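For this chain, numbers begin at 1 and follow the sequence in order. Every number for a ligand or one of its atoms is a count from 1 in the order of the listing. Remember, predicted model here, so these are calculated numbers, not experimental data.
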Amino acid sequence: MKPLQFINPSSIQEASQLVQTNGVSALLIAGGTDLLDEIKEGVERPDKLISLIELEAMQGIALTSSGLEIGASTTLAEISSHTTIVGDYAALSQAAESVATPQIRNVGTLGGNLCQRPRCWYYRSINFDCRKKGGSTCYAQLGENKFHAILGGSDCLIVHPSDMAVALISLNASITLMSADDSRTLAMEDFFAGPDIDIMAENILTPGEIVTSVNIPTASANAKSIFLKAKERQGMDFATSSVAVAAEVSDDTISSIRVTLGGVAPIPWRATAAESVLIGKTLAGVDLKEVGEAAVHRAKALEHNGYKVRLTAGLTRRAVETLLAEWH
Ligand SMILES: Cc1cc2nc3c(=O)[nH]c(=O)nc-3n(C[C@H](O)[C@H](O)[C@H](O)COP(=O)(O)OP(=O)(O)OC[C@H]3O[C@@H](n4cnc5c(N)ncnc54)[C@H](O)[C@@H]3O)c2cc1C
């Protein structure tokens, strides 16, 4: 590993300025659980690390008049055990609890989880100059693709690795980004960008822009949510498929529902067709098989990942069934 300068800026603006001034040689670091791996693997080669972890403005969980605000440097462990999150935003605490190991959750942050780079083994290997690194070939297309995308992939078949993103999109969260002289807030699902938008990135962050917080609207009294994840190993592992469902039920009828899939596409994938077959249905009128089929109706399997189509349909069915049972 080459020598690195570690810089502790005193404000978000200074951190942003440092990245803007230094270009690609300076990278933001929070807990470092993903970035340090990338540096050790030779995928990233910065000269400077700009640390966000001591900036108080990016820490903590606060109840506001419009909902819950979570600072981007809040750890996954804090999120998974926060009383309000466990009670009112179950999908988020379940997603946080499903990430990696206690050691990684104690250090890894929400911002880092949302901005972590893909786990595709071709992208992570210095031996493959894949399209995400500026090359001309997606090696997963004809290679070892058992963990790759079945939805929304074309020129690059990574799957987005963040479990937190899947839960947050179903919970209709927004995300706030700040740079040295500006800030903007957008819907969480608009933060992520597929290969058709920028093949070398997974989100719309501009150079020097920093994720500072995530906001989730106040949960209504009749709202509930769930996150389920399938993985190859029972222990620490990324999702082969995951699903988060957030719903509101009034007078036995589904009045609002959001279904998001993880581990199956280059971005967390809103399953709008599954939502359409659920919205307005009475609890007794839900056809679970139809829901599962709708979730994967546009899926295209590669040579080695056909199992993901059935797995995702089944997982979606199970998540919807389990969640709706809470109103019975
Ligand atoms: C063994 C292992 C297993 C894992 N399993 C899972 C899993 O099952 N599910 C899952 O979702 N994740 C999993 N992860 C990923 C883990 O959740 C992330 O590594 C962690 O959340 C990243 O947080 P961090 O603070 O350490 O980020 P860092 O490593 O510090 O940063 C990660 C990336 O985000 C950028 N970044 C960090 N913070 C910000 C910010 N505020 N604004 C803009 N950019 C920022 C950095 O520049 C870097 O590119 C696993 C990781 C490991 C090592």
Side-chain angles (χ1 to χ4, degrees), residues 4 6-7 9 12 15-16 18-20 22 24-41 43-46 48-55 57-59 70-80 92 94-119 123-124 132 147 159-168 175-179 183-184 191-192 200-214 227-242 244 262-263 268:
L4 286 163
F6 188 87
I7 303 175
I12 295 169
S16 170
L18 281 164
V19 176
Q20 276 173 357
N22 287 282
V24 290
S25 71
L27 292 178
L28 296 167
I29 185 165
T33 58
D34 182 44
L35 183 61
L36 293 180
D37 272 357
E38 283 219 305
I39 296 172
K40 285 188 235 167
E41 286 156 354
V43 179
E44 290 287 2
R45 298 167 190 278
K48 296 183 178 65
L49 296 180
I50 316 299
S51 175
L52 301 172
I53 209 70
E54 294 199 3
L55 297 175
M58 289 176 56
Q59 286 167 7
I70 310 177
S73 292
T74 309
T75 65
L76 302 179
E78 285 172 83
I79 294 171
S80 72
L92 189 60
Q94 290 159 359
E97 185 69 31
S98 83
V99 171
T101 59
Q103 291 89 338
I104 289 168
R105 296 196 291 273
N106 279 335
V107 177
T109 64
L110 177 58
N113 184 273
L114 297 174
C115 299
Q116 63 176 300
R117 303 308 309 277
R119 289 279 154 177
Y123 164 71
R124 289 270 171 171
K132 189 159 271 303
F147 295 124
V159 293
H160 200 281
S162 169
D163 289 323
M164 302 301 278
V166 176
L168 285 166
I175 185 165
T176 299
L177 317 176
M178 280 179 74
S179 56
S183 81
R184 54 180 174 150
F191 174 67
F192 297 99
M200 294 178 71
E202 296 79 50
N203 56 54
I204 48 83
L205 281 175
T206 56
E209 220 172 11
I210 296 173
V211 176
T212 55
S213 65
V214 165
F227 172 85
L228 293 184
K229 171 172 168 180
K231 45 195 181 175
E232 192 174 48
R233 296 177 301 179
Q234 282 310 301
M236 161 190 86
D237 212 347
F238 288 87
T240 45
S241 176
S242 69

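Closest to atom 49 (O) of ligand 1 among all protein heavy atoms lies C115 O, 4.1 Å. Looking from atom 9 (N) of ligand 1 to the surrounding protein, the closest heavy atom is D163 OD2, 2.7 Å. The protein heavy atom nearest to atom 15 (C) of ligand 1 is Q116 OE1, 3.1 Å. Protein heavy atom at the shortest distance from atom 6 (C) of ligand 1 is F238 CE2, 3.3 Å. Of all protein heavy atoms, the one lying nearest to atom 38 (N) of ligand 1 is G112 N, 3.6 Å.
At least one side-chain heavy atom of L110 sits under 4.5 Å from a side-chain heavy atom of L168. Looking at heavy atoms from C-beta onward, V19 lies out of side-chain contact with P207 at the 4.5 angstrom threshold. Under the 4.5 Å side-chain criterion, counting only non-hydrogen atoms from C-beta, V214 is not in contact with M164. By the 4.5 Å heavy-atom criterion applied to side chains, V159 and F238 are not counted as neighbours. Contact annotation: the side chain of V211 never approaches that of N203 to less than 4.5 Å [non-hydrogen atoms, C-beta and beyond]. Side-chain contact check for E232 versus F147: some heavy-atom pair is nearer than 4.5 Å. Two residues are said to be in side-chain contact when any heavy atoms from C-beta on lie closer than 4.5 Å; L49 and L35 meet this criterion. Between I29 and L36 the shortest side-chain heavy-atom distance falls below 4.5 Å.
Those atoms of ligand 1 with a heavy atom of T33 less than 4.0 angstrom away are 18 (C), 19 (O), 20 (C), 22 (C), 23 (O), 24 (P), 26 (O), 29 (O), 53 (C). Per-residue contacts place L52 under 4.0 angstrom from the following atoms of ligand 1 (heavy atoms of the residue considered): 38 (N), 39 (C), 40 (C), 41 (N). Each of the following atoms of ligand 1 lies closer than 4.0 Å to a heavy atom of G108: 23 (O), 24 (P), 25 (O), 26 (O). Remark: ligand 1 atoms within the under-4.0 Å shell around heavy atoms of G31 are 24 (P), 25 (O), 26 (O), 30 (O). For ligand 1, the atoms lying closer than 4.0 Å to a non-hydrogen atom of G111 are 38 (N). Listed by atom number, the atoms of ligand 1 under 4.0 Å from S162 heavy atoms are 11 (O). Of all atoms in ligand 1, listed by their number and element, those nearer than 4.0 Å to a heavy atom of I29 are 30 (O).
Comparing L35, I175, D237, T74 against atom 29 (O) of ligand 1, the shortest heavy-atom distance belongs to L35. Counting heavy atoms only, G32 comes closest to atom 30 (O) of ligand 1 of the residues G32, A96, A100.
Below 3.5 Å of separation, one finds an N or O of N113 facing an N or O of ligand 1. Any N or O atom pair closer than 3.5 Å counts here, and V211 shares at least one such pair with ligand 1. Residue L28 has at least one nitrogen or oxygen atom sitting less than 3.5 Å from a nitrogen or oxygen atom of ligand 1, judged on distance alone. Taking any N or O of P161, backbone or side chain, at least one lies under 3.5 Å from an N or O belonging to ligand 1. Where the criterion is an N or O separation shorter than 3.5 Å, residue side chain and backbone included, D37 fails it with respect to ligand 1. Checked against a 3.5 angstrom limit, the closest N/O atoms of I104 and ligand 1 fall outside it. The shortest N or O to N or O distance between T109 and ligand 1 is below 3.5 Å.
Applying the salt bridge (charged side-chain N to carboxylate O under 4.0 Å, His left out) test to every pair with at least one member in residues 100-116, sequence neighbours left out, gives these pairs: E97-R105.
Judged by distance alone, the side chain of T240 and the main-chain N or O of A230 form a donor-acceptor pair under 3.5 Å. Here the side chain of K229 pairs no donor or acceptor atom with the backbone of G262 at under 3.5 angstrom. Checking side-chain atoms of K48 against main-chain N and O of N22 turns up no donor-acceptor pair under 3.5 Å.
Not a single heavy atom of R117 sits under 4.0 Å from any atom of ligand 1. Note on ligand 1: M58 sits in its first shell, one or more heavy atoms being nearer than 4.0 Å. For the pair K229 and ligand 1, a heavy-atom separation below 4.0 Å is found.
With a 4.0 Å cut-off on non-hydrogen atoms, E38 does not touch ligand 1 at all. At a heavy-atom cutoff of 4.0 Å, ligand 1 is contacted by no atom of L27, backbone or side chain. Neither the backbone nor the side chain of K231 has a heavy atom within less than 4.0 Å of ligand 1.
Residues forming a ring-ring contact (aromatic ring centres under 6.0 Å, His included) with F192 (at least two apart in sequence, or on another chain): H160.
Inspection of the E38 and Y123 side chains reveals an N or O donor paired with an N or O acceptor under 3.5 Å.
Annotation for E54: atom CD does not count as buried by contact number, only 12 or fewer foreign heavy atoms lying within 6.0 Å.
Heavy atoms only, all atoms of each residue included: T109 and G31 are closest at CG2-N, 4.1 Å.
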